[in-house]
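We name chains A, B, ... by the order of the sequence lines, and we start the count at 1 in each one. Computed from a prediction, not measured in an experiment: that's the story for all the values here.
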Number of protein chains: 2
Amino acid sequence: MTRVTIRTERYTGAMSTETPTVGRPRAFDEETVLDRATEAFWRHGYEGASLSVLTSAMGINRPSLYAAFGNKEQLFQRAFARYHDTQVANARAALDQPTAYASIEAFLRASADGLTDRDHPAGCLSIQGGLACSPENARISEILAAGRAATEAAVEERLSRAAKEGDLPDGMDPGALARFVMALSEGHAVHAASGASREDLHASVDIALRALALRQ
Amino acid sequence: MTRVTIRTERYTGAMSTETPTVGRPRAFDEETVLDRATEAFWRHGYEGASLSVLTSAMGINRPSLYAAFGNKEQLFQRAFARYHDTQVANARAALDQPTAYASIEAFLRASADGLTDRDHPAGCLSIQGGLACSPENARISEILAAGRAATEAAVEERLSRAAKEGDLPDGMDPGALARFVMALSEGHAVHAASGASREDLHASVDIALRALALRQ
DNA sequence: AGGGTTTTGTACTGATCGGTTGGTGACCCG
DNA sequence: CGGGTCACCAACCGATCAGTACAAAACCCT
């Protein structure tokens with residue numbers, strides 16, 4: 001398995017040149033159409049979002065798409081990076097609480113809210129995008145897995161700090177707890193994708209938090 | 001959304017006729033090639049498993065596939081039903097323990113083991129099969145969601161019994177707990193698909209069980 | 001051995017896939 | 001207002017998609 005790195009900052013690669021001063025100006029805003037592409041991938045997955053689906057969702061035609069984004073895979077990488085910057089970043093930011101308990105609660109609550117936000121498709125692009133793919137698109141699965149692993153690493157980092165501060169129940173392993181939290185969040189994503197309500201997910205979070213409520 | 005029912009018993013529909021006494025006999029065993037198809041769907045998802053992938057995995061050619069199974073979607077339904085009968089049935093059977101705690105533990109342990117069984121692709125067909133699909137295959141997502149909902153209903157049923165027997169912590173809602181358990185199991189499936197080990201999943205189960213350890 | 005029946009394998013169908021070509025249109029600069 | 005440069009758009013490309021037609025092969029029965 002080749003290594004995949006996730007671009008979490010704003011994309012500023014060579015392909016996306018600064019607006020030239022000559023020539024016909026673009027009739028679309030790159031971020032706007034990227035958001036629409038993100039939504040299409042989110043809803044249908046990488047393979048399920050054909051170029052016809054994408055272009056009609058984005059409101060541009062193929063040559064414009066290819067000129068602006070390179071190809072389908074690169075468009076997806078841009079979309080996924082943007083998804084990270086906007087959606088995933090919310091949950092990660094929620095980790096910044098004074099205690100481990102509060103951090104995990106905030107993370108799970110923010111996830112549950114994001115997964116059921118009516119402004120977007122239900123669920124999570126990191127999973128819907130393509131947990132399983134055709135052999136020739138295996139790289140997409142790797143990219144998504146790397147994104148999830150990065151989020152889990154952020155949770156673990158917060159919990160490792162908590163362990164050092166004596167802020168975790170005795171014998172609780174930060175890595176295992178991070179995995180538990182991420183797994184639950186991913187399961188919530190699956191549930192959200194099949195129609196679970198926000199309240200449903202928060203009730204599940206309530207139960208999960210009992211696992212942390214036993215102190216020392 | 002149209003209703004989808006899951007066939008959990010052995011398929012005995014009209015298409016799969018009894019072996020005729022005349023004509024050239026089949027060169028393959030239907031259940032054997034169905035198992036291979038299941039594995040291909042499991043590994044690549046419904047859309048990622050093209051007919052070329054399927055036929056070469058099954059070791060038969062297209063006309064044989066179509067004669068035996070109808071079409072790709074019907075083949076998938078057969079594969080999914082078989083997956084339920086064999087894999088999911090293990091976890092459901094594990095629910096049959098004397099206490100709620102033991103039932104949930106057994107369910108989660110059996111799931112974790114199944115998700116990391118080296119005799120099969122890692123993860124869970126119910127999720128990898130196609131959480132998100134192209135618009136024309138939306139029915140596949142519904143079928144899979146119905147399967148997951150059926151499993152969750154089985155968990156809830158066991159827990160409702162436990163509630164009646166006073167075998168759940170005070171104020172614990174069976175539906176919410178079932179959702180929590182299923183979500184965790186689904187998250188474990190996502191983790192397994194991206195390479196988590198069996199021990200990783202069991203450590204996460206250990207933590208989840210703490211949520212139930214608080215009695216009354 | 002020969003007729004009836006079913007499976008097998010090759011080669012095909014139209015549709016759609018991701019991606020590109022080439023001509024036209026729209027803008028800035030001189 | 002003319003030349004240069006880039007974006008837009010329709011139509012196209014080969015490859016692959018799910019699904020099928022047809023003839024040869026393999027069996028049972030008489």
Tell me the interatomic distance from [X], atom [atom1], to [N], atom [atom2], rounded to whole angstroms.
| X | N | atom1 | atom2 | value |
| --- | --- | --- | --- | --- |
| B/N137 | C/dC17 | CG | P | 11 Å |
| A/I140 | C/dG18 | CD1 | P | 12 Å |
| B/L54 | D/dT16 | CG | C1' | 14 Å |
| B/N61 | C/dA11 | CG | P | 12 Å |
| A/I60 | D/dA10 | CD1 | P | 14 Å |
| A/L75 | C/dG19 | CG | P | 10 Å |
| A/L65 | C/dC17 | CG | P | 14 Å |
| A/E136 | C/dG19 | CD | P | 11 Å |

Using the test side-chain contact (heavy atoms from CB on, under 4.5 Å), find all partners of [X] that sit at least two apart in sequence or belong to another chain.
| X | value |
| --- | --- |
| A/A163 | A/L168, A/P174 |
| B/A153 | none |
| A/R43 | A/E39, A/P121 |

Report each atom pair, protein N/O against N/O of nucleotides 24-29 of chain C, whose distance is under 3.5 angstrom.
unit_1	atom_1	unit_2	atom_2	d
C/dG25	N3	A/R24	NH1	3.3
C/dA26	O4'	A/R24	NE	3.3
C/dC28	O3'	A/T21	O	3.4

- Message: If the condition is ring pair (Phe, Tyr, Trp, His ring centres under 6.0 Å), which residues does B/F41 pass it with, not counting sequence neighbours?
- Response: B/Y46, B/F76
- Partner residues of B/F107 under the ring pair (Phe, Tyr, Trp, His ring centres under 6.0 Å) criterion, sequence neighbours left out: none
- What pairs with A/R161 under salt bridge (charged side-chain N to carboxylate O under 4.0 Å, His left out), at least two apart in sequence or on another chain? A/E165
- A/R24 meets the salt bridge (charged side-chain N to carboxylate O under 4.0 Å, His left out) criterion, sequence neighbours left out, with none
- Task: For B/D117 and B/G114, indicate whether the former's side chain and the latter's backbone hold a donor-acceptor pair under 3.5 Å.
- Result: no
Would you list the protein and nucleotides 18-21 of chain D atom pairs, both N or O, that sit under 3.5 Å from each other?
unit_1	atom_1	unit_2	atom_2	d
D/dA18	OP1	B/K72	NZ	2.7
D/dA18	OP2	B/L51	N	2.7
D/dA18	N7	B/R62	NH1	3.1
D/dG19	OP2	B/Y66	OH	2.8
D/dG19	OP2	B/K72	N	3.1
D/dG19	O5'	B/Y66	OH	3.2
D/dG19	N7	B/R62	NH1	3.0
D/dG19	O6	B/R62	NH1	3.1

- Message: Could you measure the distance from the OG atom of B/S56 to the CG atom of B/L51? Nearest 0.5 Å is fine.
- Response: 11.0 Å
- Message: It should be established whether A/S64 places a side-chain nitrogen or oxygen under 4.0 Å from OP1 or OP2 of nucleotide D/dC8.
- Response: yes
